[in-house]
Protein chains: 2
Amino acid sequence: MTAQRRVVAEVLDGEHVHLTADEVHSRAVAKLPEISRATVYNTLGELVSLGEVLEVATDKRAKRYDPNAHRPHHHLVCAQCGEIKDVHPGGNPLADLPDSERFGFKVSDVEVTYRGVCPNCAAA
Amino acid sequence: MTAQRRVVAEVLDGEHVHLTADEVHSRAVAKLPEISRATVYNTLGELVSLGEVLEVATDKRAKRYDPNAHRPHHHLVCAQCGEIKDVHPGGNPLADLPDSERFGFKVSDVEVTYRGVCPNCAAA
DNA sequence: ATCCAGTATTGGATAAAGTCCAAGGTCATA
DNA sequence: TATGACCTTGGACTTTATCCAATACTGGAT
């Protein structure tokens, strides 16, 4: 555990945190000015491999990193400003996919992304 | 309607078609050698605006374009090779998101992505 | 059939996001 | 202190996508 990794881990902490790699880097630089982009990417990649952090691809621009990897959840995204909330819907989408629709795949995971407009953007 | 647009529309036709912009361009070039990348991007953008084609962000690399926009469906993705199938699960995920989990958003849409391993990759 | 205004296309430049790599630094151990 | 393992750095490079000015094409009006 190096100073650089500690800083990345610190930046990625909290509820409803979904930063891009670049945002992580900016915030990390604020705490440790000499940290490089490459290290941020390396560390994020390791955290993802370790299962400590999730990659989220809600919009098609930069990947986002979600530290809330240990409680399963899905995402609610504002179509206008891009804000992302963690949500915990009921139901079991895995059970809703009949065998006839599995094409022989071994299905292991489901991701659900709700889209809408957040209160801020609705007001504007 | 120009030759270029016709070619792009032709390339994007069929079931379980989920090409990247680059793949669309390659195939379009095969039919119309002088078509430019910019035109492919423009045309894809227009088709998306018109609601004729969907953008899919299943992996975090290039966007993919799905011509099957008129029958609602979700996606099943192979985690190894990236193959994508259209699927039609039962259930109603929208109904599964309680008000208490909506954070005041006006929720209008849900995307469900199943992940697993396709028969090919499982055999290998 | 021709002309025109408007729209589409082109290719090259540019941007944004991410990856790769060689060189150098740090740390624990012996 | 010397050694080896692993991290970090910065810059070059790749991939994906967008922008722009110049040119070409389209369809309707004449």
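Proteins get letters first, then strands, A, B, ... in listed order; numbering begins at 1 in each.
Tested against A:H75 for a side-chain hydrogen bond (donor to acceptor under 3.5 Å, both in side chains), the candidates A:T58, A:D66, A:T113 yield a single pass: A:D66.
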**Item:** Reading 5' to 3' through nucleotides 8-16 of chain D, protein heavy-atom contacts under 4.0 Å coded B for base, S for sugar-phosphate only, - for none
**Value:** SBB----SS
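Applying the ring-ring contact (aromatic ring centres under 6.0 Å, His included) test to A:H25 and every residue at least two apart in sequence or in another chain returns nothing.
One can place CG of B:L44 at 15 Å from P of D:dC19, the figure rounded to the nearest angstrom. With rounding to whole Å, A:H25 atom NE2 is found 16 Å from C:dA16 atom P.
Ring planes of B:H73 and B:H88: tilted class, angle from 30 to 60°.
Comparing the start and finish of the helix from C:dA1-D:dT30 to C:dA30-D:dT1, five pairs each, the helix axis swings through 10°, to the nearest 10 degrees.
Between the side chains of A:H16 and A:N68, no donor N or O sits under 3.5 Å from an acceptor N or O.
Hydrophobic clustering (side-chain heavy atoms under 4.5 Å, transitive across Ile, Leu, Val, Met, Phe, Trp, Tyr) keeps B:L54 apart from B:Y65.
A:H70 contributes atom NE2, which lies 4.0 Å from atom CD of A:E52 (distance to the nearest 0.5 angstrom). A distance of 3.5 Å separates NE2 of B:H18 from CG of B:D86, quoted to the nearest 0.5 Å.
Within a 6.0 Å sphere centred on CG of B:D109, heavy atoms belonging to other residues, nucleotides or ligands number more than 12.
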